[in-house]
Amino acid sequence: MNETRFDPSQVDGRWQRAWDKQDCFRADSNSAKPKSYVLEMFPYPSGRIHIGHVRNYTMGDVLARYKRMTGHEVLHPMGWDAFGMPAENAAMEKKVHPGEWTYQNIENMKAQLKRLGFALDWSRELATCSPDYYGHEQALFLDFYESGLVYRKESAVNWDPVDQTVLANEQVIDGRGWRSGALVEKRKLSQWFLKITQFAEELLDGLGSLQNWPEKVRLMQENWIGKSSGLQFRFDLSDGGDVEVYSTRPDTIYGASFVAVAADHPIAQAVAEKNADAQDFIEQCRAGGTTAEELETAEKLGFDTGITAKHPFTGAALPVYIANFVLMDYGTGAVMAVPGHDQRDFEFATKYGLPIPRVVAPSAAEADKPFDGEAESGDGVLVNSGELDGMSVAEAKALVISRAESEGWGEGKTVWRLRDWGVSRQRYWGTPIPFVHCDSCGVVPVPKDQLPVKLPEDVDVSIPGNPLERHPTWKHTSCPKCGGAAQRETDTLDTFADSSWYFIRFASQPKDKPFDPAEAAAWLPVNQYIGGIEHAILHLLYARFWTRALKHVGMLDVSEPFAQLFTQGMVTHETYSRKSAENGQPVYYSPAEVDRTGEGATLKADGQPVEIGRVIKMSKSKKNVVDPDQIVDLYGADAVRWFMLSDSPPERDLPWSEAGIEGCSRFVQRLWRLFAQYDAAAEGEDKALARKTHQTVAAVAEDIEGLSFNKAVARIYELTGAVEKAKPSASRSEAIRSILLLIAPMMPHLAEEGWAQMGDGALVAEASWPAVDEALLVDDEVTIAVQVKGKLRDTLTVAKGMPKDELEALALASEKVQRSIDGAAIRKVIVVPDRLVNIVI
RNA sequence: GCGGGCGUGGCGGAAUGGUAGACGCCGGGGACUUAAAAUCCCCUGAGCUUUGCUCGUGCGGGUUCGAGUCCCGCCGCCCGCACCA
């Protein structure tokens, strides 16, 4: 091997072609080896891969390659989440067909991924926008329909009256359409829903089996599903009607001081019909934002309807308000408000001068303790509550529910926060929903033998609105039932449907059906799923639902799709800016425009300093982005991959830095020089180095399995340092060879190039993980700490397993220890074998 | 507001209740070179009266022979969210 520089631009492509040629990474479903399914969340084909993708796919790749080395048949596929709004936006802006734009992006991004040398089974590549994929999705949707998991109901959408189109939430900015600037209206449409709530209990219980998911994700899903138990009951109203309310705190019923209903509640509607002020107030509520964040910062507002509700226990007349903080979608859309023990009610009562009675106190003696500016929602003792006085919250809750049930004015009820999944989208670039509307037969499913219902190609995408709706011929068809004239459904499916089963299609892709149950079950569940935390709730919950729905219709015997989940952190970068001379606003510069020296940074264009800002998530607006292609050009795939794995724990953010990638690039060269020193003929044993080698191999394996890549990297650096210092020997040669195999999953091109010299003629991609000699994992000497009163005074290197009394004697013999003791009486000596001796004086 | 997470050198971070700062980056010094790059070696938490000592893991308490780690109370930062009654 020549001691020249390792040149990635010459080497990387050569090995990538070699892997392709030998079809190394094709997964064999019929293999007898233990199977391992490694999957990273597939990307949206936006045009260019992002450095965050590189981090995500590098992690998965290391695991996939490692699993191959340890004798597994690995499925590591890649595909494209190819339907969605950006394609339609691009179509409108650039006058290009969404399909053309999407497939061009896929081609570009695939080339980018190939340059990074990922061990992917490209034979299973799929794009969700292909009829080969979405046709099967339509079939599944029909199966769900057959089994009663699909239904239609009225639901509101954001309607832009100028563009005559439905807007997504993200297209509504401050209540206006992003393109037209028109005030957005709510419009009710008949839409398709999937009955995810039918599985609410199962989806909640299933979380318990997902022990290899991050605790935080399970908690987020649990909160999202939101099971609660409480009391649903009726208040009789002064106008002769009544109102159903739901409360999770029926124990506080004596503390109710008003009743609040949502703006969309029938009572509010009825009041508004006769009262223009009420109508105005309801309009005002609808104009406000709908996200939690906006609502939290919004002031609590209400409208007194003049109606009163009769308290079931005290008979008191409680005012009924229309309030902006009550949700129509949860419970009954009406609440009994208990200001003393609910913060929202507290703020509302304070604003409108309503009474704030205390009905729960820390103790019975504190029944009239004033509130300290906020509601108290914790546990305590019931007070000022008649027959409930003295009870705990739980006791009172149970008593009120049983009393309501026996007296017939209410009942205990479990309420879920989870709502059914609305899948209708009034857009072109999605999976057509396979139904037709017939005047005489109603809504009729398209027969499976007529699938796929393909999107028309010849559409006008240059103007807003749904091209399917206005296409001259596409929607006109005949009814499958009666043969009469009928119209196709023009809604398409939410793209979350596409990503809810792609991992199944990866595992098995027959032409004539969505998947083969046996083949799919052989691979599933995914052994390791890796992706961003932003998908913690929706995508992961929908995929869990879809999998259960498939089980429900008898197509797949799998409950949970992802056995192990890992959520990786973001890639961040510092920002470079100057204050604009005109308005004082910062002007940002990209890393490529800046020279970064040790201390500061200057703009290449004028050599003058720029301000270095905080390290934050990469974003186009702050220009703190790096382009994967550029850095691969500069440093090669292996240095970039190594950087992605170094330093930061994978679940935390990774700050990209010029200096960091330079360091990685230097390490590639350092290893290359070390590989050149490999000498198969070297003789002699170096026991200490052999021990270090085997310890490192074992530890790196453990680190990779636990996805602690940063620790694996640190250990490899350490072993490399030790090998460089060691004199030639058979042990040293073994160590060099081991390092090559350890880095093979991480820096596969460098490893192949080295393996060509020291391997067996085959690819390192086909090599086995080095074997570990258990006997070498244990040291025969240990360094123990000697403390006096808990402070370190000396260290001793002793034989492993030295008995306590010998350790104590050795410690006391230490001169440094004697000096610290300074003649004081020894009260106690604590000896932990192989660890430390602590002398207490 | 609710839910979750995190605070360790100049920076990213190591550390089964047992030698805090492994490993990397930055910085400093030296070797090699006509010179530079590359490479190699040494130093690099703070302070002090420097054979060594003291302090030090966001802040204040506590448990323990011993706390970055466990407990209680604060402070700060980050993430998620559909006001969930």
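Note on naming: letters A, B, ... go to the chains in the order of the sequence lines (proteins, then strands), and numbering restarts at 1 for each one.
- Among the heavy atoms of the strands, none lies under 4.0 Å from A:R218.
- In this structure, A:D703 places its CG atom 13 Å from C1' of B:rA22, rounding to the nearest Å.
- Taking for each of A:K216 and A:T332 the nucleotide of RNA chain B with the nearest heavy atom, the 5'-most of the two is the partner of A:K216.
- In terms of modelled atom types and a separation under 3.5 Å, the side chain of A:E411 and the main chain of A:Q232 share no donor-acceptor contact.
- Look at A:E815 and A:R819 and you find a salt bridge, because one of the NZ, NE, NH1 or NH2 atoms lies within 4.0 Å of a carboxylate O, short of that distance.
- Taking atom C1' in both B:rU63 and B:rC72, one finds a spacing of 11 Å when rounded to whole Å.
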5' to 3', nucleotides 63-71 of chain B under a 4.0 Å protein heavy-atom cut-off (B base, S sugar-phosphate only, - none) gives --B------

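- Within 4.0 Å (heavy atoms only), A:S657 reaches no atom of the nucleic acid at all.
- Computed from coordinates, the A:I784 CD1 to B:rU19 P distance equals 12 Å when rounded to whole Å.
- Minimum atom distance to the side chain of A:R793 is reached by B:rC53, of the listed B:rC83, B:rC53, B:rU19.
- The NE2 atom of A:H341 sits 19 Å away from the C1' atom of B:rC2 (whole-angstrom rounding).
- Side-chain nitrogen and oxygen atoms of A:K791 include at least one within less than 4.0 Å of the OP1 or OP2 phosphate oxygen of B:rC55.
- Aromatic rings from A:F675 and A:F6 are positioned such that their centres are separated by 6.0 Å or more.
- Checking side-chain atoms of A:R793 against main-chain N and O of A:V788 turns up no donor-acceptor pair under 3.5 Å.
- The glycosidic torsion of B:rG60 lies more than 90° away from 0, placing the base in the anti range.
- In the set B:rC53, B:rG4, B:rA20, the nucleotide with an atom closest to the side chain of A:L792 is B:rA20.
- As the counterpart of B:rG1, B:rC81 is assigned, both hydrogen-bonding distances of the Watson-Crick or G-U wobble pattern falling under 3.5 Å.
- The shortest side-chain heavy-atom distance between A:P312 and A:M336 does not fall under the 4.5 Å cut-off.
- Spacing between atom CG of A:D834 and atom P of B:rU16 amounts to 17 Å, rounded to whole angstrom units.
- Closest-nucleotide positions on RNA chain B for A:E215 and A:E662 were compared, and the one nearer the 5' end corresponds to A:E215.
- Contact check for A:M746 versus A:I716: side-chain heavy atoms found under the 4.5 Å cut-off.
- Remark: B:rC6 base-pairs with B:rG76. Criterion, Watson-Crick or G-U wobble with two distances under 3.5 Å.
- Note on A:R249 versus A:D251: salt bridge recorded, some NZ/NE/NH1/NH2 to OD/OE distance being below 4.0 Å.
- Taking the P atoms as reference points, B:rC25 lies 12 Å from B:rC41, given to the whole Å.
- Under 4.0 Å is where a charged nitrogen must lie from a carboxylate oxygen, and between A:K711 and A:E702 no such pair does.
- The nucleotide B:rU39 finds its pairing partner in B:rA31, both defining distances of the Watson-Crick or G-U wobble pair being shorter than 3.5 Å.
- Atom CZ of A:R417 is separated from atom P of B:rC2 by 15 Å (rounded to the nearest Å).
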Distances for protein N or O near nucleotides 38-42 of chain B N or O, under 3.5 Å:
| unit_1 | atom_1 | unit_2 | atom_2 | d |
| --- | --- | --- | --- | --- |
| B:rU39 | O3' | A:R673 | NH2 | 3.4 |

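- Nucleic acid contact for A:V326: base, since at least one base atom lies under 4.0 Å from a heavy atom of the residue.
- Here the side chains of A:W213 and A:T567 are not in contact, with every heavy-atom distance at 4.5 Å or above.
- Residue A:M220 has its side chain nearest to B:rG80 when only B:rG80, B:rC23, B:rU54 are considered.
- Here the nucleotide nearest the side chain of A:I537, chosen from B:rA85, B:rG52, B:rG80, is B:rG80.
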Given protein heavy atoms under 4.0 Å, the one-letter contact record of nucleotides 9-15 of chain B, with B base, S sugar-phosphate only and - none, is simply ---BSSS

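- Using modelled atom types, one finds no donor on one side chain facing an acceptor on the other under 3.5 Å when comparing A:Q695 with A:R715.
- B:rA38 and B:rC32 have their C1' atoms separated by 11 Å, given to the nearest Å.
- When the P atom is compared between B:rG56 and B:rU51, the two are found 22 Å apart, to the nearest whole Å.
- For the pair A:Q221 CD and B:rC81 P, the interatomic distance rounds to 13 Å; values are reported in whole Å.
- The side chain of A:T795 has B:rU19 as its nearest neighbour among B:rC25, B:rC23, B:rU19.
- For the P atom pair drawn from B:rC70 and B:rG17, the interatomic distance equals 8 Å after rounding to whole Å.
- Within the 4.5 Å cutoff, the side chain of A:I253 has heavy atoms near those of the A:H311 side chain.
- Phosphate contact (OP1/OP2 of B:rC84, side-chain N/O of A:R419, threshold under 4.0 Å): absent.
- Residues A:H265 and A:I322 are not in side-chain contact: their nearest non-hydrogen atoms beyond the backbone lie 4.5 Å or more apart.
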task: Carefully, step by step, assess A:V640 and A:W642 under the rule side-chain contact (heavy atoms from CB on, under 4.5 Å).
output: CA-CA 5 Å; A:V640 172; A:W642 187 251; over 6 Å; no

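- Taking the six-membered ring for Trp and the full ring otherwise, the centers of A:Y321 and A:Y352 sit less than 6.0 Å from each other.
- Look at CG on A:L219: it is 11 Å from P on B:rG3, rounded to the nearest Å.
- Taking atom C1' on both nucleotides, B:rG21 is separated from B:rU44 by 12 Å, rounded to a whole Å.
- Of the C1' atoms belonging to B:rC6 and B:rU69, the separation is 15 Å, rounded to the nearest Å.
- Base pairing of B:rU51 is not made with any nucleotide, judged by Watson-Crick or G-U wobble geometry with both donor-acceptor distances under 3.5 Å.
- By the 4.5 Å heavy-atom criterion applied to side chains, A:F258 and A:P339 are counted as neighbours.
- Across the protein-nucleic acid pair, A:L418 atom CG and B:rC81 atom P stand 16 Å apart, rounded to whole Å.
- The same atom, C1', is picked in B:rC81 and in B:rC71; the two are 31 Å apart, to the nearest Å.
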